[in-house]
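The block underneath contains the structure these notes are about, expressed in structure tokens.
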Amino acid sequence: MKIKDIQTYIVDGQWWNWVFAKVTTDAGLHGWGEAPLAWKEHTAATAIEELGAVVIGEDPRHIEANLQLLHRGEYGGTGPVYNTAISALEQACWDIKGKDAGLPVHALLGGPCRDHVRVYANGWFEGASTPDEFATAAQAVVAQGYTALKWDPFTAWITASEQEIREAAASVAEVREAVGDSIDLCVEVHGRLNVTSAIAAAEALRPYRPFFYEEPLRPDNPAAYAKLARAQIGMPIAAGERFFTRWGFREYIEQQLLDIIQPDISHTGGILEAKKIAAWAETYDIPVVPHNPYGPVAMAATLQAVGCIPNVPILESFLFGCPWRQDIVKDSLEVLQPDGTLRIPDAPGLGIELDEEALRKHPYRHIPTPWSKPTVDTWGGTIFNDPTAAQPKE
């Protein structure tokens with residue numbers, strides 16, 4: 001079996017555009033992957049085409065050999081763009097390998113550790129900006145069955161003032177009061193604070209018992225994370241969505257700078273790389289909570305990974321904001337169970353199939369970046385859309 005063709009689709013996902021890769025073989029099998037690179041979707045699609053040329057003619061089932069070729073051949077692929085493209089190609093090859101074997105991907109990687117996984121909600125807060133609005137939105141999402149949720153309550157950059165810390169803590173306090181003590185709250189920071197502010201903010205958040213404190217510092221500063229860890233802030237520190245491959249995790253795992261690591265299956269190199277990282281973390285008793293705020297193929301790939309990774313207590317889900325998310329898949333995997341979990345798919349491959357006709361109905365849409373000037377101030381997660389913004393050339 002040989003790879004004969006690679007095709008990309010850029011699809012409007014409302015918050016950002018999804019980039020899907022379809023890898024087709026000369027045996028008639030095809031596989032899907034996803035390359036999420038928000039606001040750089042055409043760059044991701046081009047990288048898939050460029051790297052895809054390297055594996056045309058290769059057997060898609062030889063995943064380790066193909067990864068070595070992609071990472072090392074002709075100077076290889078490094079950094080966020082190439083690693084995202086490699087991840088999409090790797091996912092698609094696993095999809096093909098599973099379909100060829102008639103088995104789900106997790107069965108090819110040691111077999112399932114679980115048949116379902118608890119998920120926390122992200123993206124539930126669209127339009128909220130005040131503590132009361134976040135609390136109301138949180139009650140609504142908990143009523144749907146979620147037992148954990150995440151959001152970024154901070155407006156501060158680098159140095160947080162006392163007022164900014166009080167405002168963030170007030171948001172968390174209102175949500176905690178609204179949902180009660182049995183719901184886990186995950187606090188996101190997006191790497192914007194310095195160490196002093198991160199410590200001060202953690203002190204203000206501690207009474208509300210965050211499940212984890214995500215990326216309070218830049219992702220490229222292990223010395224700062226070491227200082228934060230030494231401060232013993234009283235809550236788990238999580239990071240890893242912007243680390244690439246196991247080499248990016250090396251210092252954080254070996255020095256035990258994080259309480260939770262968050263590899264992103266669509267950025268770190270794919271399913272196999274995530275499993276290697278998780279196994280390494282397991283030797284230090286570090287839980288793995290994959291970063292996963294993307295489209296349905298990334299969700300399918302991540303579910304396959306967590307199905308065979310033992311040290312995963314919970315998984316991110318981002319199932320809000322796009323009314324046609326379920327329309328572009330033929331059989332949805334994203335059905336929240338009454339206990340706040342998603343089932344691990346057991347169909348061959350990734351367990352998902354996209355409807356290509358439906359994909360074409362939702363083509364690329366220009367979405368200004370969060371740091372573009374918004375038409376309406378809805379800080380807290382909404383992707384700002386300015387309809388007057390210039391459109392890309394066809």
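- Taking the ring centroids of Phe243 and His291, they lie at or beyond the 6.0 Å cut-off.
- Residue pairs meeting the salt bridge (charged side-chain N to carboxylate O under 4.0 Å, His left out) criterion with at least one partner in residues 254-265, sequence neighbours excluded, are absent.
- At least one donor-acceptor pair closer than 3.5 Å links the side chain of Glu34 to the backbone N or O of Gly295.
- The nearest pair of heavy atoms linking Arg365 to Gln14 is NH2-O, 2.8 Å.
- Tested against Trp151 for a ring-ring contact (aromatic ring centres under 6.0 Å, His included), the candidates Phe125, Trp124, Tyr120 yield a single pass: Trp124.
- Look at Lys330 and Glu353 and you find no salt bridge, because none of the NZ, NE, NH1 or NH2 atoms lies under 4.0 Å from a carboxylate O.
- Closest heavy-atom contact between Leu89 and Gly52: CD1-N, 3.9 Å.
- Both Tyr225 and Ile253 are part of a single hydrophobic cluster, where members link through side-chain heavy atoms under 4.5 Å apart.
- For the pair Arg61 (side chain) and Asp100 (backbone), a donor-acceptor distance under 3.5 Å is absent.
- In this structure, Ala35 and Ile48 approach most closely via the heavy-atom pair CB-CD1, 3.6 Å.
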Please walk me through it: do Phe244 and His71 pass ring pair (Phe, Tyr, Trp, His ring centres under 6.0 Å)?
CA-CA 12 Å; Phe244 305 105; His71 280 296; over 10 Å; no
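- In this structure, the side chain of Glu90 engages the main chain of Leu272 through a donor-acceptor pair within 3.5 Å.
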Under the criterion side-chain contact (heavy atoms from CB on, under 4.5 Å), I'd like the reasoning laid out for Ile286 against Tyr252: C-alpha separation, chi angles, the key distance, then a yes or no.
CA-CA 11 Å; Ile286 300 173; Tyr252 291 88; over 6 Å; no
Working note: Gln337 + Thr341, criterion side chain to side chain donor-acceptor pair (under 3.5 Å); need CA distance, chi angles, decisive distance, verdict.
CA-CA 5 Å; Gln337 302 301 302; Thr341 66; 5.7 Å; no
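- Every pair tested for salt bridge (charged side-chain N to carboxylate O under 4.0 Å, His left out) that includes a residue from residues 298-308 fails, sequence neighbours excluded, so the list is empty.
- Classification of Arg192 and Asp152 as a salt-bridged pair holds, one side-chain N sitting under 4.0 Å from a carboxylate O.
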